Amino acid sequence: YKILAEITEMIYGKLKEIKINIEVIAEYDMIMAKAKYSKEIGGIKPKLNEVGYIKIVNGIYPLIKNPVPLNFEIGKSYRSLIITGPNAGGKTVVLKTVGLLTLAVQSGFHIEADEGTEIAVFNKIFVDIGDDQSIENALSTFSSHVKNLSEIIKESNKNTLLLFDEIGSGTEPNEGAALAISILEELYKKGCITIASTHYGEIKNFS
């Protein structure tokens, strides 16, 4: 008991220094982990901006095997983009790639892409990803998507990145398209950077 009491007293007397050492070691460990990750993927430090401009040159989504490099640009000539295509056509992967690379850069990570890549720093990033269910099954979750979109609209501004997968889905196609158009118009007025996906069969409703 005496030995334990003396050791405890010694530790308590150096508690402040020990906490500082733990924080410093954790910081160096994080930096080293980021450096190892960057070396493993051949990462680059992209150019940064605060005007909402994103340019990805052969960007790689790191969570799937054999990914197709993404070349993507938004924020200069246009601030809203609708991506269309069939199921399993890669629409969701595009959204996730843009979102993940943006978040990685803002978290201090290098990313797997080519030189010339430029990433915007956003104050807020909002995502609404569909559950890929049939319309019958998705009806039960449609109201929650609408509520989520309503909250996103309230919180969004010109320094916000928005990623919507299958926007307007989960209800009757014409009604869903009308809802999607209203949402996209409102976000366009706010000046947000908005990327949304939809099916081939629904794109005619956005024209």
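Everything quoted here is computed from the prediction, not taken from an experiment. Atoms considered below: every heavy atom in the structure, side chains included; atoms not considered: hydrogens, waters and symmetry mates.
No continuous path of ILVMFWY side-chain contacts below 4.5 Å connects Ile83 to Val68, so the two sit in separate hydrophobic clusters. Under a hydrophobic-cluster definition in which Ile, Leu, Val, Met, Phe, Trp and Tyr are linked whenever side-chain heavy atoms come within less than 4.5 Å, directly or via other members, Leu100 and Ile41 are assigned to different clusters. When the side chains of ILVMFWY residues are joined at heavy-atom separations under 4.5 Å, either directly or via intervening members, Leu63 and Tyr37 end up in two distinct hydrophobic clusters. Residues Phe122 and Phe109 do not share a hydrophobic cluster, clusters being chains of Ile/Leu/Val/Met/Phe/Trp/Tyr side chains in contact below 4.5 Å. Both Leu161 and Leu81 are members of a single hydrophobic cluster when ILVMFWY side chains are connected at heavy-atom separations under 4.5 Å.
A pairwise comparison of heavy atoms in Cys192 and Leu162 identifies CB-CD1, 3.8 Å as the closest pair. Heavy atoms only, all atoms of each residue included: Asn49 and Val51 are closest at OD1-N, 3.0 Å. Residues Ile153 and Lys190 come closest through the heavy atom pair O-CE, 3.2 Å. For the residue pair Ala120 and Thr102, the shortest heavy atom distance occurs at O-CG2, 3.9 Å. The minimum heavy-atom distance linking Ala196 with Leu95 is given by the pair N-CD2, 4.4 Å. Heavy-atom minimum distance, Asp114 versus Thr117: O-OG1, 2.8 Å.
Ile56 has its side chain out of reach of Asn71: every pair of non-hydrogen atoms, C-beta onward, lies at least 4.5 Å apart. Residues Val105 and Leu101 form no side-chain contact, since every pair of their non-hydrogen atoms from C-beta on lies 4.5 Å or further apart. Two residues are said to be in side-chain contact when any heavy atoms from C-beta on lie closer than 4.5 Å; Thr160 and Ile152 fail this criterion. For the pair Phe72/Ile195, a side-chain contact is recorded, criterion being any heavy-atom separation below 4.5 Å from C-beta on.
For Lys124, the NZ atom sits in a packed shell: over 12 heavy atoms of surrounding residues, nucleotides or ligands are nearer than 6.0 Å. Around atom CG of Leu15, more than 12 heavy atoms belonging to other residues, nucleotides or ligands sit under 6.0 Å away. In the displayed structure, Glu17 atom CD is contacted under 6.0 Å by more than 12 heavy atoms of other residues, nucleotides or ligands. When the shell of 6.0 Å around OH of Tyr188 is examined, it contains 12 or fewer heavy atoms from other residues, nucleotides or ligands.
Judged purely by distance below 3.5 Å, without hydrogens or angles, the side chains of Glu73 and Tyr53 pair a donor atom with an acceptor atom.
Lys96 NZ to Leu163 CG: the interatomic distance, rounded to the nearest 0.5 Å, is 11.0 Å. Note that CG of Leu48 is 8.5 Å distant from CD of Gln106, once rounded to the nearest 0.5 Å. Taking NZ from Lys55 and NZ from Lys76, the interatomic distance works out to 7.0 Å, rounded to the nearest 0.5 Å. Rounding to the nearest 0.5 angstrom, the gap separating the CD atom in Glu115 from the CG atom in Asn58 is 11.5 Å. A distance of 9.5 Å separates CD of Glu112 from CD of Glu40, quoted to the nearest 0.5 Å. Note: Ser80 OG to Glu185 CD = 10.5 Å, rounded to the nearest 0.5 Å.
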### Message
Run the side chain to side chain contact (heavy atoms under 4.5 Å, CB included) test on Phe164 and Leu187 for me, step by step, so that the C-alpha distance in whole Å, both residues' side-chain angles and the decisive distance to 0.1 Å come before the verdict.
### Response
CA-CA 12 Å; Phe164 298 134; Leu187 295 173; 3.4 Å; yes
### Task
For Arg79 and Ile193, run side chain to side chain contact (heavy atoms under 4.5 Å, CB included): C-alpha distance rounded to whole Å, both residues' side-chain angles, the deciding distance at 0.1 Å, then the answer.
CA-CA 5 Å; Arg79 297 180 70 83; Ile193 297 295; 3.5 Å; yes
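Lys158 contributes no side-chain N or O that, together with a main-chain N or O of Gly52, makes up a donor-acceptor pair within less than 3.5 Å. In terms of modelled atom types and a separation under 3.5 Å, the side chain of Thr97 and the main chain of Val93 share a donor-acceptor contact.
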